[in-house]
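Numbered from 1 within each chain, the chains take letters A, B, ... in sequence-line order.
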2 protein chains.
Amino acid sequence: MARIPGSDGRRTAALIRAAGLALIHRHGYEAMSLRQLAAEVGLQPASLYNHFPTKQALLHGLIHDHMEALLSSTAAALSAAAPDPLSRLRAFIAHHLLYHLEKKPEVFIANFELRALEGENLRAILALRRRYEMLLTDILEAGMAAGVLRPGDAQIAAYAILAMLTGACTWYRPEGRLTRGEIVRIHTDLILHGHAA
Amino acid sequence: MARIPGSDGRRTAALIRAAGLALIHRHGYEAMSLRQLAAEVGLQPASLYNHFPTKQALLHGLIHDHMEALLSSTAAALSAAAPDPLSRLRAFIAHHLLYHLEKKPEVFIANFELRALEGENLRAILALRRRYEMLLTDILEAGMAAGVLRPGDAQIAAYAILAMLTGACTWYRPEGRLTRGEIVRIHTDLILHGHAA
DNA sequence: ATCAGAAACGAACGTATGTTCGTTTCCAGG
DNA sequence: CCTGGAAACGAACATACGTTCGTTTCTGAT
C-alpha cells in the first residue's frame, strides 16, 4: 500500500492541525504522542512528516497562526470602533472576550505550551504577544493622557486586564448560566469602575 | 554499595520535593524525567521510590501541600484583619499577592499542571481550590450585602479578581521596577475603583 | 501520455521513560 | 548487642517515543 486514492495534502494538513489542537488542549503538548495524533487522523506516524518537519514545528505553527489571527482580527475590531480611547477600550475588551471564548483550545495552548518552544520559535511568539499587549497599552495611555482613565502604570494595567479577561476562558462553559453578552458587560463594568460601591 | 552513611529519609524527601518543584517549574511535569530528578538530588532513579510511590504522587503531594499552606495562611491573614468586608477584601488581596509572589514555582505548578492529575488526585485538589475561591466569594457577598461593594455576581467577580492577581506572578520579577508594596497598592486600587477616571 | 513530485505505507532505529527487583549497608529501638 | 526496617545501590524490564528510510501509488502539470 502507498499513496491513498483521493488523498489531498492541503486537507490532510488541516486535519492534522485540527486534531493536534484538540489533543494538545486535552493532554498537553508533551503528553500528546505523534502516534496518537496520527491515529486520530487515520495515518501512519511516518506520514505526518509529509506535513511538518518536527513535532515542535507543529506546535509553533498552531500558536503562530493563532496569534496572527488574533492580531488581525483585533486590528479590525479596533478600527471599526469610535476613535476615542474609551470606545476603543470597550471594543478591545469585548473583542478579546468574544474571540477568546470562541477559541478556547487555541488560547489555552498559546498560553500554556509556550515553554515547550525553544530558541527562535519562542522568540517569534513572544514578539507577537508583545505586539498584542501593546495594542492595549497604547489605548490605556491614550486614555490616561485624555483624562478619561485614571493615571497610572499603563503596562501593569494592561497585564491586569489581560489576565482577568483571559481567565474568563478558564471557567466559561457555553452551556453555563451566563451569556457571552453578559460576560462582556460584567467584565467591562469591573474593569472601568471596579468593585467598590 | 547500598545505604549511604549519614542518609536521612526526611531530609532526602525534602530535597527531592525541592528539586522536583524547581524542575517541574522549569520544564513541566511531563517533560521532567525521574532520572533528571534523581541526578539533581544525587540519587539513583530507583531510590526515589523509597520516598514516593509514583511520579504522579509526587506532583500531587507538591500541589496538595501548597494548597493547604495557602489556605491556612490565608485564614490567618483574614482573621488578623478588621471584620468589615472592605478590610477583609483588602487583606485578601494583599495576602494573595504577597504569598503568590513568594511562591512562584508552587503557584505555577498548582495552576499549570493540574491536568496531569488523574481521578481522585485531581478531585482532591479541585476541592481545595474551591475552598480557596469560596473565601473570596464570601467576602464579596458580605460586601455586597453591606452595601460597600456594588451588587453583582460574586462568583464571576471572584474569578476575575483571582485571575488578575495570579496573573501578576507571571510577569513579576523581584529585581523589577516595582516593589511588592507598589504592586499591592496598584492592584487593590484597580480592583476597588477600576480604570475609569 | 508521460513523468516528476506529492502523499501515503510498513518497518525500523536509537533512545528514553516510569517502574520493579534483589541486594547491601546503615541506623535506631529493644 | 542485636535485629528489623529504612535507605540506598545497580541492573533490568517492558514499553513508548520522535524520527528516518526506502518503497509504492496516486495526482497534476506539461
Note to self: Checking A/Arg123 now: which residues fulfil side chain to side chain contact (heavy atoms under 4.5 Å, CB included) with it, not counting sequence neighbours?
What the structure shows: A/Glu120
Acceptor/donor pairs from residues 34-59 of chain B side chains to any protein atom, 3.5 angstrom cut, sequence neighbours excluded:
from: B/Lys55; atom 1: NZ; to: B/Tyr29; atom 2: O; distance (Å): 3.0
from: B/Lys55; atom 1: NZ; to: B/Met32; atom 2: O; distance (Å): 2.8
from: B/Gln56; atom 1: OE1; to: B/Glu118; atom 2: N; distance (Å): 2.8
from: B/Gln56; atom 1: OE1; to: B/Asn121; atom 2: ND2; distance (Å): 3.2
from: B/Gln56; atom 1: NE2; to: B/Ala116; atom 2: O; distance (Å): 3.3
from: B/Gln56; atom 1: NE2; to: B/Glu118; atom 2: OE1; distance (Å): 3.4

Look for any protein N or O under 3.5 Å of an N or O in nucleotides 4-6 of chain C and output each such pair with its distance, or none.
from: C/dA6; atom 1: N3; to: A/Arg3; atom 2: NH1; distance (Å): 2.6

Check: Under a 4.0 Å heavy-atom cut-off, which of residues 38-55 of chain B touch DNA chain C?
Finding: B/Ala46, B/Tyr49, B/Thr54, B/Lys55
List the atom pairs, with distances to 0.1 Å, where a side-chain N or O of residues 69-89 of chain B and a protein N or O form a donor-acceptor pair under 3.5 Å, not counting sequence neighbours.
from: B/Ser72; atom 1: OG; to: B/Ala69; atom 2: O; distance (Å): 3.3
from: B/Ser73; atom 1: OG; to: B/His95; atom 2: NE2; distance (Å): 2.5
from: B/Thr74; atom 1: OG1; to: B/Leu70; atom 2: O; distance (Å): 2.6
from: B/Thr74; atom 1: OG1; to: B/His95; atom 2: ND1; distance (Å): 3.4
from: B/Ser79; atom 1: OG; to: B/Ala75; atom 2: O; distance (Å): 3.4
from: B/Ser79; atom 1: OG; to: B/Ala76; atom 2: O; distance (Å): 3.1
from: B/Asp84; atom 1: OD1; to: B/Ser87; atom 2: OG; distance (Å): 2.6
from: B/Asp84; atom 1: OD2; to: B/Ser87; atom 2: N; distance (Å): 3.0
from: B/Asp84; atom 1: OD2; to: B/Ser87; atom 2: OG; distance (Å): 3.0

Next item on the list: Output all residues satisfying ring-ring contact (aromatic ring centres under 6.0 Å, His included) with A/His66, sequence neighbours left out; order by chain, then residue number.
Entry: none
Next item on the list: Return the value, rounded to whole Å, for the distance between atom CZ of A/Arg11 and atom P of D/dT27.
Entry: 11 Å
Margin query: Quick check on contacts: within residues 16-37 of chain A, what sits under 4.0 Å from DNA chain D by heavy-atom distance?
Written below: A/Met32, A/Ser33, A/Leu34, A/Arg35
Next item on the list: Quick one: name the residues clustered hydrophobically with A/Phe108, using the 4.5 Å side-chain heavy-atom rule over I, L, V, M, F, W, Y, and just say none if it's on its own.
Entry: A/Phe112, B/Phe108, B/Phe112
Item checked: salt bridge (Lys or Arg N to Asp or Glu O under 4.0 Å) partners of residues 90-99 of chain B, not counting sequence neighbours, each pair once -> none
Next item on the list: With sequence neighbours left out, write down each residue that passes side chain to side chain contact (heavy atoms under 4.5 Å, CB included) with A/Ala158, or none if nothing qualifies.
Entry: A/Leu136, A/Thr137, A/Leu140
Next item on the list: Examine distances only and state if a side-chain atom of A/His27 and a backbone atom of A/Leu23 form a donor-acceptor pair shorter than 3.5 Å.
Entry: no
Next item on the list: Taking ring-ring contact (aromatic ring centres under 6.0 Å, His included) as the test, write out the residues that go with B/His64, two or more places apart.
Entry: B/His60
Please list, one pair per line, the donor and acceptor atoms closer than 3.5 Å that link side chains of residues 142-156 of chain A to other protein atoms, with sequence neighbours excluded.
from: A/Arg150; atom 1: NE; to: B/Gly194; atom 2: O; distance (Å): 3.3
from: A/Arg150; atom 1: NH1; to: B/Asp189; atom 2: OD2; distance (Å): 3.1
from: A/Arg150; atom 1: NH2; to: B/Asp189; atom 2: OD2; distance (Å): 3.1
from: A/Arg150; atom 1: NH2; to: B/Gly194; atom 2: O; distance (Å): 2.8
from: A/Asp153; atom 1: OD1; to: A/Gln155; atom 2: N; distance (Å): 3.0
from: A/Asp153; atom 1: OD1; to: A/Ile156; atom 2: N; distance (Å): 3.0
from: A/Asp153; atom 1: OD2; to: B/Arg177; atom 2: NH1; distance (Å): 2.3
from: A/Gln155; atom 1: NE2; to: A/Tyr159; atom 2: OH; distance (Å): 3.4

